[in-house]
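One is the number of the first residue; the rest follow in order along the sequence. Not measured: the values here are computed from a predicted model. Counting convention: from 1, in listed order, for ligands and their atoms alike.
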Amino acid sequence: MQKLILTLIRLFPVLILFSCFLLSNQVTLGEPLGKIIVDAGDYMRSGTPVSLDLTGVPVGFPTDKIRLIEIRGSKRIPILSQLEPGSPPRLWWILLETPAAGTKLTYEIERVKDEGPILDVLYEDAPYVEAKKNDSFLQIQTHGPSGIHKILRYHNAVVPAPEGQSKLYDRSAFIHPLWSPEGSVLTNIHPPDHYHHLGIWMPWTHTQFEGKPVDFWNLGEGQGTVRFNKFLSTSSGMIFGGFKAEHDHVALKTDDGDKIVLKEVWEVRAYSSISGPGWLWDFVSTQRCVADSPLLLEEYRYGGFGFRATADWKGETAAYLTSEGKTRKDGHATRARWCDTAGVSDGNWKGITFFSNPNNFRHPEHMRIWPEFENEVFFNWAPVQAGDFEMMPGVDHVFRYRQYVHEGKVDVAKTEQLWNDYAHPPKIEIETAASDGAIMLFDGTDFSSWTAGSDRKIGWELVGDAVKIVPGSGSIMTKQDFTDFKMHAEFKTPQLPPNVKGQGRGNSGIYIQRRYELQILDSFGLEPKDNDCGSLYRFKAPDKNACDMPGRWQSYDIIFHAAKFEGDKKVKNARITVWQNGILIHNDAELQNKTGAGQPEGPEPGPILLQEHGNEVSFRNIWIEPL
Ligand code: MG
């Protein structure tokens, strides 16, 4: 039975491709948005997840659907894809196979107006990766022709310490179990030799904060811990399932008691089984010191991304192999691009390969590999082995890892192919097509759609693909006026010192029809108020606080219906729906009047104004589509 399941999983790409060929030449046109060229580069590709930054492409969340079509000669073959909201949105798909290094593939993307029956046929047999949540945990699992397979479980609720052990071992914010494709549990938590080991988790060990040692790893010390705070998003789809969750790294014994030192976001993404016979999943941890003083990570032999294997893997039935050919005997404290850990569970060898992204700090990273006397298997990417480093307040540190969970012992050729996919991904370019509906207001190149008014020049500064407000230079607005529309805009508030408070923290705003302000402010982590980020200024607070930290790009997706007038008399209020960072914050809210400094309401359309309010707020990727 298990063999049959694996065979079906392996056959999956072929089944999908076969259905695609059946459908070729039957695809009806949506609205063309662009032509994509994928350059496979120096490697053959097989089951490679890829994604495209949709800056400059008018795709809004969650109202738009995208269709990806591969062009092969005269054939137009629809390809499974998944749209991820964000700043910017991204389109994901899997390169099933490229015949040789240097291959170039051509695709088109369309905005789907009407999905129609054709895609239903395509999707009928499609895999689906689901992030399923309850009060205790979120589980990522894949649905395919061979049924449901569990991939991993993330604990948002506190898992209590083992019976009779200190409450200090109570902990949330870790992964366990991680399952193999055949369903064996590969992780372990609270083993008696190390009660603080928690499947897959990521605390630091020897640190100094405000002059005191804090150990976030050895929970029994009572100096520090890590807590789940909230989910930022969950995704399910045909290409991946995943989540973003925010964690607090808490020092327990500061002069002021508990204090959050680091805010961490975990981004976990498990790909559909069409990527190959095993599970491929990505892990990104973004950490920022949110205290007023820095966190010093001291040189130590372990700390960071850790994995504790099932107790089944021990002695002769367990193995390590690094990309540099090191094993349990000589691997500890060496550096590598990847490390495979494996062992025997349920009668068969199975394993997990850990890849460290080349962009990681101190790559290739040092590793903690347990020597023989430890008997069982523990693995840790430990950049702290290379020496102390300091996390300064307000600065993001990003740690990126990919995991390949497989049946059987490590296959070095396959592992190197996966490494090349991760370290040297295909190059993807898009030539955008002029949309027949949407208007690019700002794609990073110029201010041709904007004016600062008839009597002054635009004083804002172009920086890369973005525009940054120059304080004192005045607001800017679109040359064109709008009535009903949908709109997408990305913005970033600056990191300011803690003594700058309230409305002084990264203030700007989007004035719709120059009448109604959708506020922009640094309101990270606050209770929503009617003058904070996401508010309809002084009129309605956002339904929830969806703000990210200053210094990070955020997005607004807006649907606006103007007030209706009969002559000079208003007969219907304006209405607005807003998603911030993909989260609904106003659902068809009525605007009873203009906000604050807005122009008076009236029957005539109005421009979009971006407010200059004395702060260096940045914008990028702004488009609008009249309805
Ligand atoms: Mg404002």
Angle class for the W266/Y154 ring planes (parallel below 30°, perpendicular above 60°, tilted otherwise)? tilted
In terms of relative ring orientation, are F491 and Y556 parallel, tilted or perpendicular, with 30° and 60° separating the classes? tilted
Taking only protein atoms, how many N, O or S atoms are found under 2.8 Å from the Mg ion (ligand 1)? 5
How far apart are the closest heavy atoms of A433 and P32, and which atoms are they? CB-O, 3.9 Å
For residues E365 and S356, report the shortest heavy-atom separation together with the two atoms involved. OE2-OG, 2.6 Å
Aromatic ring pairing F560/Y516, orientation class (parallel under 30°, perpendicular over 60°, tilted between): tilted
Can you label the angle between the F240 ring and the Y271 ring as parallel, tilted or perpendicular, going by 30° and 60°? perpendicular
